[in-house]
Amino acid sequence: METIPALLEQRLRAAVEDPGDIPLRITSASDSRFGDYQANAAMLLAKQRRQNPRVVALEILDRLKVDDICSSVEIAGAGFLNFRLRPEWVQARVEMLRLDAHLGVPVPERPKCIVIDFSSPNVAKPMHVGHIRSTILGDSLAKIAEFIGHKVVRDNHIGDWGTQFGMLLVGWKTVLDRAALERDPLLEMERIYKDVSARCREDATVLESARQELVKLQSGDAENLGLWREMIRLSQSQFDTIYGRLGVRFDVTLGESFYNERLHPVVEELRARQIARASDGAMCVFTDGSLPQEQDPFLIKDKDGWRDNPAIVLKSDGAANYTTTDLATLQYRLETWHPDEIVYVTDGRQQLHFRQMFSVFQRWMPEAAASVRLSHVWFGSILGDDGKPFKTRSGETVRLADLLDEAEERSFAQVSERNPALPEAERREIARVIGLGAVKYADLLPHRQGDYTFSWDRMLSFQGNTAPYLQNAYVRIQSIFRKLAEAGSERILGAALLLEHPAEVALGKRLLEFGEVLPMVLEDHRPNTLANYLYELANTFHAFYEACPVLKSEGAQRASRLELCEISARMLKTGLGLLGIEVPERM
RNA sequence: GCGCCCGUAGCUCAGUUGGAUAGAGCAACGGAUUUCUAAUCCGUUGGUCACUGGUUCGAGUCCAGUCGGGCGCGCCA
């Protein structure tokens with residue numbers, strides 16, 4: 001189904017004689033007093049043609065044929081074209097929307113293949129609050145892309161290789177507490193890592209033994225490989241528990257180690273093509289001078305002027321590092337899935353790394369680079385009330401499992417207070433849906449590039465722009481349907497819609513906007529736009545709910561209002577689902 | 001020092017890619033309920049969009065500079 005702006009743009013295009021490169025865009029009206037949609041094209045055209053904008057607008061208006069869609073088109077202000085939709089046309093569109101399993105979202109002409117690289121926890125470390133944004137954001141983008149109709153590959157690029165395993169192996173062999181490992185494998189692995197890491201700083205012999213264990217692992221020593229696999233297995237099982245709770249799944253989980261045999265060929269190619277060269281015993285990629293100095297990721301300025309800031313692809317000890325791993329991974333993904341886009345969901349501190357990596361890729365495989373979009377989707381940090389990075393009271397990093405537990409506990413206390421009569425099992429389930437929903441929504445609501453302040457009270461509030469508020473809108477609709485069933489009334493399926501009351505028309509228009517919003521959300525990788533839309537939808541629904549009694553109305557009006565409820569519920573459930581948030585049937 | 005990001009109501013945040021008189025929520029105050037879940041809705045108060053200049057019909061948005069904050073800057077990822 002086409003969106004309304006798309007339809008109006010077609011009409012506008014037919015009415016403009018020579019648009020040139022002026023975008024004939026239709027946007028929602030900035031103020032509902034002006035109408036429903038507006039076009040600014042006349043002002044842009046007037047500027048280019050050096051004409052009076054209102055005269056240009058008048059010319060367009062003269063040729064514009066939208067009588068079937070709009071009750072009025074007016075010229076206002078400096079040359080705005082304001083479109084007001086016919087209520088009966090809105091009604092017909094909502095009828096179409098009701099039959100559309102895609103909820104008004106246009107189907108892409110050519111579905112893309114999108115690889116999404118997100119979450120990426122490290123083996124032998126507990127998942128902590130730092131992983132939540134990547135996990136939730138990446139999962140939401142994957143769900144949105146899939147819903148729109150693209151093919152999605154969810155790829156968990158876990159950190160399962162690197163120098164830390166030398167220390168972990170030393171710790172495993174010398175200070176491992178089996179009972180503790182049994183109870184909480186990741187906590188124990190973290191403990192032995194910290195233990196050995198601390199001793200390495202004080203004792204060179206420990207550092208040396210860690211180095212030797214690492215060399216043994218890398219050269220295929222059977223015992224160390226076995227222990228390494230055991231660490232991965234234990235870690236993966238903990239990851240799976242968390243992902244299960246969050247409702248997150250992956251299509252592939254290929255850790256860094258998967259790319260080991262591809263690393264040296266990558267370095268060799270870069271060297272052979274003179275993209276990389278030796279420097280201080282390492283292989284490095286330097287600037288090719290194709291960009292202005294300020295924009296060049298391989299240059300940096302200090303007191304003495306511009307100096308090199310190379311990307312290291314092979315360390316002086318002969319080991320490759322993450323730039324190389326990422327390049328090998330990129331090569332593998334191109335060969336395996338031929339994606340149109342690869343999305344990397346990480347925190348903002350890695351911006352320079354990705355700019356360098358993308359740039360090396362461009363120089364290494366220019367033809368492939370021209371056909372794939374590489375998107376570094378980065379996000380800010382989570383802060384505590386004090387404005388500093390979010391930590392526990394004792395100053396530790398917050399473990400993700402603990403955070404989710406606390407969300408459910410706090411939510412359970414709320415639900416129990418409000419609805420003590422419900423059986424405990426049901427209160428637990430409601431608390432799970434609300435608690436996890438609140439955490440996810442709080443994370444997805446702010447613009448992802450800013451830091452945001454974590455607050456239990458705010459995210460769990462039933463007032464304002466929160467998950468519980470949105471879930472409540474859905475629950476109220478379900479309550480209507482429950483009452484209907486209890487009264488033994490039959491719902492007339494597929495009854496005609498009658499949008500008469502202004503609140504009904506407003507709700508209809510709002511429902512039709514979903515299809516406009518969702519493609520933008522994916523294009524900009526910004527689920528917060530969807531969150532804001534859903535809030536507006538819930539708000540508009542509540543206004544309808546107040547103004548238009550459903551069960552107390554009669555006949556065709558009642559049947560129509562029930563249909564509006566049904567579509568609203570479906571859209572709320574689907575929309576929240578795309579944010580990874582479930583809805584309860586009662587709360 | 002250089003780069004990236006941020007600075008919008010007392011607080012937490014939006015702002016449809018340059019549009020019309022800058023919007024929500026919380027907090028404060030005032031209304032609406034024999035309820036379809038008031039877990040809601042309606043209203044009032046609250047602004048030098050950090051500052052200065054520039055670009056143009058038009059700037060919170062783009063450009064330059066200043067102030068303030070976060071992050072990053074050769075062998076961690």
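Among the atoms of the strands shown, base atoms are found under 4.0 Å from some heavy atom of A:R307. Across all strands, A:N532 comes closer than 4.0 Å only to sugar-phosphate atoms, never to a base (heavy-atom distances). A:S316 comes within 4.0 angstrom of a nucleotide base, judged by non-hydrogen atoms across all strands. Within the nucleic acid shown, A:N82 comes within 4.0 Å of at least one base atom, counting heavy atoms only. Using a 4.0 Å heavy-atom criterion, one finds that A:E516 contacts no nucleic acid atom at all.
Regarding contacts with the backbone of B:C13, every side-chain N or O of A:H447 stays at 4.0 angstrom or more from both OP1 and OP2. Using a 4.0 Å cut-off, some side-chain N or O of A:Y469 falls inside it from OP1 or OP2 of B:C41. An OP1 or OP2 oxygen of B:C2 is reached within less than 4.0 angstrom by no side-chain nitrogen or oxygen of A:N309. Close to B:U40, at under 4.0 Å from its OP1 or OP2, lies a side-chain N or O of A:Q463. Put simply, A:R526 has a side-chain N or O that comes within less than 4.0 Å of OP1 or OP2 on B:G15. At least one side-chain nitrogen or oxygen of A:R25 sits closer than 4.0 Å to the OP1 or OP2 atom of B:U17.
Counting only heavy atoms from C-beta outward, the side chains of A:K125 and A:M189 never approach each other to under 4.5 Å.
With respect to A:H542, the ring-ring contact (aromatic ring centres under 6.0 Å, His included) criterion is satisfied by exactly one of A:Y474, A:Y469, A:Y535: A:Y469.
A gap of 43 Å separates the P atoms of B:U66 and B:U44, to the nearest Å.
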